[in-house]
Amino acid sequence: MATVNITINGQKITAQTGQTILQAARAAGVDIPTLCEHPALSAWGGCRMCLVEVAKQRTLQPACTFPVSEGLEVWTESEKVVKTRKFVLELLFSERNHYCMYCQMSGDCELQDLAYRYQLDHWTYNRTYEPKPVDATRSYFVYEPNRCILCRRCVRACSEIAANHTLGLKFRGANSMIIADHDVPFGESTCVECGTCLQVCPTGALIDRKSAYRYRHKGDVQKVATTCMQCSVGCAVEAVTHDNLVLRVEGAWHQGPSGGLLCVDGRFRPLYDTRGRVTTPMVRRNGKLEPASWDEALGLVAGKLKAGGALGVAASCTTNEALRAFAGLFAKAGGKAGRAEPALPVIPGARPAQVSDVAAADLIVVAGADPLEQNRVVGYFAKRAFDKGARLLLIGDSPNGMAAYAHSVFPEDEADKAAAMAAGAEKPVVIYGVGASEKVCKALSTLKDKALFLGLEPGPNGRGALQAGLAPVTAGTAPVVFLLAGDAPEVRTAELAGWLNGGFNVVLASRQSALTDKADVVLPAPIWAEQNGHVTNLEGKELMVQAAVQMPAGVRSEAEVLQALASLL
Amino acid sequence: MGKIRLATEWLDACAGCHMSILDIDERILTLLEHAEITSSPITDLKHPPADGVDVGILTGAVSNTHQVEAAKEMREHCKILIALGDCAVFGGICTMRNFFPKEEVLRRGYIETESTHNPEGIIPDEGIGILTDRAMAVDEVVPVDVYLPGCPPSADAIWYVITELLAGRKPVLSGEVLKYE
């Protein structure tokens, strides 16, 4: 790659052609402050915090947009630069309500950090005190425009990362307001509450309802890198914790299948599960579930398994380690075991796609799946591709969240026409799910040399279940049914309850539900944030899951419990 | 050099800043070796002496006519004026009312609050300071020489500012002594 020689603060630096001053400075370890800039977003050049002095330029220039060139001379902390940055900060603080002492963001606010850095001990300019209406119509976070500095990170995140284009701007200058759609309440807008805007907001303008006023200071929280276990995409996340409590979940930028993008299911829903925890084994006595010791409960279950003919059903909501232990238990017990989720159809010869391939596609075929419902991040990646002109061919005419983006919709009988159309594209990607019929799969297999295929594996760790030897089980009755529910979300309760038709039902679950109500023995399980181990995502990658918080006393890891059971056989 | 003279006053304040001044603990003995505290809201003498002091400290925002007078009195009687705490420096939490018209604030405060029994709807205006249109930082009323934000500023930050002044330097705040909360 071509390089240029530049000087930053007197230090000679070799920079890459095409880099901005900011990028070159960062690569050389020179810290230039920014506010509207964000590593996951395009440069905007709006906040003026990164202004630097550039030789032969009449005025200070934004480092985030100014390209490097041969012989460029830059000063990043000259007296003029520092004076200007202070001035910019004073203007920002004066414009709206930036009183830190009652803001939930204090201690983790980029605006505050910069004010400290530039030693702002007072504000010169009068404040306007014009109240802006707060919008609290969304479920998981609140928009507080009085804290907004109009950096437009949220707007860019909504367009560039989530590809949802909900956020925009109305009015001009200091009166500018972030709005949803054509200025409707956020809760009534096209917002999907993926929370990407919330995560990129540098100030307290977007407030997480769950964690507001609960330990925001950077020194008060720990961040644990782990993997989301809400669906089979397996996004890389950071669980932000304090004192064994998950405060919030954030996407890990540039990591994992989604590069930091999360959805409402991963970011918010696990923290809003209000079902009570199972913290002790329970045994049904005289028709009533009562707490029991681990020894008693495991002994009882082992006795039932020894009798043979037991059916093991795993909801794929747990780690590979637990699923392998489950398969091992049933291999030893001589019963039948499999996963609860149906099988993903096989498309002969299909070459697997990565999630990132979806955003790069110029044509996307969706068959037997609704990515925006099942694996939302895959849907958002597809929408990124649509933004760049990719066409969507939708097969099947049942209601689909992607329908509004479809170039053409084909009935299942005409899947071959869709395949023929896709064959003409440069980089087609086929997204298929459990709903794709044999006939559709056969038609799509004609694209095997042209397209990449992304199968939306049902269940967060359906692939891990298959690898453990747990093929989908078909309905059947058994004298003993052992349901490995793990940390299955509440929405799956009814579906999973259908398996509990044995003469004796064992449920291993993290939370109380209709499942535990139907059980004869309940064994406690950790929730997602307490898991250690691995999951295998829909790309077939084994991803690490790391406990962010400790299990409550009395709970044991699923693998440990299942191995203990096996040792009793 | 003789002792410097020091006076404090609180305006629209919660007293937290004065608590933080007291939080310098035994260091107050060292302070008294170098300074005479002539007056403060928490001593018998409330007003700065007629012949003035070297250093005046104001805590709290300026929110009514009495506080405007008190701020002016301190400014006229001190050589160096310190605005101490977020309210004195920025207006602080007192400025929450600035987002509402003054009439609405008075109605809410004197008539509508849940714990208030005021069937005749009287808003007092005799013998008390009349609310200014806005709660203001001290420097919106009189010039300030040294700013020490914080809600409240820590005792260490207060001690830093005092010792810098005693050493004849203008305090420059950064790191742990510059906090807005």
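Computed from a predicted structure; not experimentally measured. Per chain, numbering begins at 1; letters A, B, ... match sequence-line order.
- Contact annotation for A:His98: neither backbone nor side-chain heavy atoms come within less than 4.5 Å of a heavy atom of chain B.
- Taking CE from B:Met96 and CE from A:Met101, the interatomic distance works out to 9.5 Å, rounded to the nearest 0.5 Å.
- Annotation: the span from A:His217 atom NE2 to B:Glu181 atom CD amounts to 3.5 Å, rounded to 0.5 Å.
- With a threshold of 4.5 angstrom between heavy atoms, A:Thr124 does not approach chain B through any atom at all.
- Summarising the local packing, NZ of A:Lys218 is surrounded by more than 12 heavy atoms from other residues, nucleotides or ligands at distances under 6.0 Å.
- In this structure, the portion of A:Tyr99 lying under 4.5 Å from any heavy atom of chain B is its side chain and not its backbone.
- Nearest approach of B:Ala137 to A:Arg127, heavy atoms of both residues: CB-NH2, 3.8 Å.
- Counted within 6.0 Å of CH2 on A:Trp123, heavy atoms from surrounding residues, nucleotides or ligands total more than 12; the atom is thus considered enclosed.
- With a 6.0 Å radius and a threshold of 12 heavy atoms from other residues, nucleotides or ligands, A:Lys80 has its NZ atom above the threshold.
- Within 6.0 Å of atom NZ in B:Lys46, more than 12 heavy atoms from other residues, nucleotides or ligands are found, so the atom counts as buried in its surroundings.
- The 12-atom threshold is exceeded at OH of A:Tyr213, counting heavy atoms of other residues, nucleotides or ligands nearer than 6.0 Å.
- When heavy atoms are compared at a cutoff of 4.5 Å, A:Asn126 approaches chain B solely by way of its side chain, counted from C-beta outward.
- Most heavy-atom pairs under 4.5 Å with chain A, from the set B:Val146, B:Val144, B:Asn98: that is B:Asn98.
- Within 6.0 Å of NZ on B:Lys102 lie more than 12 heavy atoms contributed by other residues, nucleotides or ligands.
- Other residues, nucleotides and ligands contribute at most 12 non-hydrogen atoms within 6.0 Å of the CD atom of B:Glu176.
- Most heavy-atom pairs under 4.5 Å with chain B, from the set A:His122, A:Gln112, A:Gln119: that is A:His122.
- The shortest side-chain heavy-atom distance between B:Val89 and A:Asp121 does not fall under the 4.5 Å cut-off.
- Heavy atoms closer than 4.5 Å to chain A are found in the side chain of B:Val172, but not in its backbone.
- Interface summary for chain A: among B:Asp86, B:Ile93, B:Asp139, the most heavy-atom pairs under 4.5 angstrom belong to B:Ile93.
- Using a 4.5 Å cut-off on side-chain heavy atoms (C-beta onward), B:Thr95 and A:Tyr129 make contact.
- Considering only heavy atoms from C-beta on, A:Leu120 comes within 4.5 Å of B:Tyr180 through its side chain.
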